[in-house]
Amino acid sequence: QSDRIIPHVEGFFHVASNTISYVVKDPQSNACAIIDSVLDLDYAAGKIAYAHADMIIDYVEKHQLSVEWLIETHVHADHLSAAPYIQQERGGKIGIAKQIVEVQEVFGKMFNAGTEFQRDGSQFDVLFQDGSRYLIGDMPAYVMHTPGHTPACLTYVIGEAAFVGDTLFMPDYGTARADFPGGDARALYRSIQRILALPAHTRIFVGHDYPPADRTKPAWETSIAAQRDHNVHVKSGISEDAFVTMREARDQTLEAPSLILPALQVNIRAGRLPPAEPGHKVQLKLPVNAI
């Protein structure tokens with residue numbers, strides 16, 4: 001039974017974006033998947049660096065792991081994916097939700113991406129859909145489509161662990177915003193209910209952590225039981241309508257992520273930079289009043 005397979009999970013916290021990247025290893029082999037990898041971007045200087053991705057690569061090399069998958073929980077709006085960089089160094093297939101095509105359509109227009117930008121998900125090696133099954137070594141994994149934060153959000157259930165991206169945070173912080181293009185608070189609530197229907201002992205690994213004032217260190221592992229009992233936004237007993245009212249009001253108070261425009265341009269291309277125009281360096285665009 002897959003729910004008795006306990007993957008080894010190593011989390012890597014990226015301070016600048018509060019993102020957690022994961023290396024998820026099959027307990028029976030050296031096969032692993034890397035989830036939500038991050039590039040370092042100095043936006044003001046226009047410089048990309050690889051320190052965080054190199055830390056993951058060093059870990060993989062030190063433990064002699066074989067990277068089979070580089071998977072994204074969604075198109076991130078707060079960091080650039082390092083998946084192509086890690087793929088170049090260590091191999092593996094890059095995967096995301098098939099709903100990436102919806103996100104590519106919206107943002108391809110916003111960034112005036114030229115005809116070279118295919119809006120068919122072909123930049124990725126695998127497009128997952130709800131119920132997709134795959135293996136990491138001999139460890140079974142499957143995919144749940146959990147939209148709400150974005151249309152292309154996935155939860156990856158790997159053995160008895162679930163990687164929920166931004167859909168759920170630690171219980172003391174709550175849930176993802178639902179006001180990005182294609183986001184929907186009601187869809188988010190329903191997706192979360194699907195996640196919370198997993199077995200109570202299922203380990204939950206979140207995509208970000210923003211420690212509240214009464215918690216000094218970032219954390220990223222919780223459980224279905226803890227989420228049901230304690231999540232400040234969606235614990236048991238909170239109705240769909242009450243959640244939607246809260247979420248929509250809260251979202252109106254939030255600023256756009258500082259890296260949303262560069263991040264989206266790169267991540268709709270599976271983490272690759274747009275091509276340079278003839279005779280110029282690679283450019284990222286800054287559409288004005290776009291979001």
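Side chains included, hydrogens not; waters and symmetry mates left out as well; all remaining heavy atoms used.
A salt bridge links Asp130 with Arg194: at least one charged nitrogen is closer than 4.0 Å to a carboxylate oxygen. The pair Glu68-Lys93 fails the salt-bridge criterion, with no side-chain N (NZ, NE, NH1 or NH2) lying under 4.0 Å from an Asp/Glu carboxylate O. Between Arg177 and Asp179, at least one side-chain N (NZ, or NE/NH1/NH2) sits under 4.0 Å from a carboxylate O, which counts as a salt bridge.
Asn30 and His63 share no side-chain donor-acceptor pair at under 3.5 Å. Counted by atom type alone, His79 and Asp36 present zero donor-acceptor pairs between their side chains at under 3.5 Å. A side-chain donor from one of Ser122 and Asp120 sits under 3.5 Å from a side-chain acceptor of the other.
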Should Arg215 and Asp209 be marked as a salt bridge (Lys or Arg N to Asp or Glu O under 4.0 Å) after you check the CA-CA gap, both sets of side-chain angles, and the distance that decides it?
CA-CA 11 Å; Arg215 177 157 58 82; Asp209 186 48; 2.8 Å; yes

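Between Glu160 and Ile5, the closest side-chain pair of non-hydrogen atoms is not below 4.5 Å.
Using a distance-only test at 3.5 Å, with no hydrogens or angles considered, a donor-acceptor pair links the side chain of Arg247 to the main chain of Thr175. Asp125 contributes a side-chain N or O that, together with a main-chain N or O of Ile94, makes up a donor-acceptor pair within less than 3.5 Å.
Among the candidates Asp166, Thr167, Asp172, the single residue satisfying the side chain to side chain contact (heavy atoms under 4.5 Å, CB included) test with Phe169 is Asp166. When each of Leu168, Val164, Thr73 is tested with Thr155 by the rule side chain to side chain contact (heavy atoms under 4.5 Å, CB included), just one qualifies, namely Val164. Of the candidates Gln118, Arg269, Gln123, Arg119, Gln104 forms a side chain to side chain donor-acceptor pair (under 3.5 Å) with just one, namely Gln123.
Taking hydrophobic clusters as Ile, Leu, Val, Met, Phe, Trp and Tyr residues chained together by side-chain heavy-atom distances below 4.5 Å, Met144 shares a cluster with Val126.
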All N/O donor-acceptor pairs, side-chain side in residues 278-291, below 3.5 Å, sequence neighbours left out:
residue: His280; atom: ND1; partner: Pro278; partner atom: O; Å: 2.9
residue: Lys285; atom: NZ; partner: Phe111; partner atom: O; Å: 3.0
residue: Lys285; atom: NZ; partner: Asn112; partner atom: O; Å: 3.2

Pair up each side-chain donor or acceptor in residues 46-62 with any protein partner under 3.5 Å, not counting sequence neighbours, and list the distances.
residue: His52; atom: NE2; partner: Phe12; partner atom: O; Å: 3.4
residue: Asp54; atom: OD1; partner: Tyr85; partner atom: OH; Å: 2.5
residue: Tyr59; atom: OH; partner: His8; partner atom: NE2; Å: 3.4
residue: Glu61; atom: OE2; partner: Arg90; partner atom: NH1; Å: 3.2

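Phe128 and Trp69 have their aromatic ring centers within a separation under 6.0 angstrom. Aromatic ring centroids of His149 and His74 lie under 6.0 Å apart.
Within a 6.0 Å sphere centred on CD of Glu277, other residues, nucleotides and ligands contribute 12 heavy atoms or fewer.
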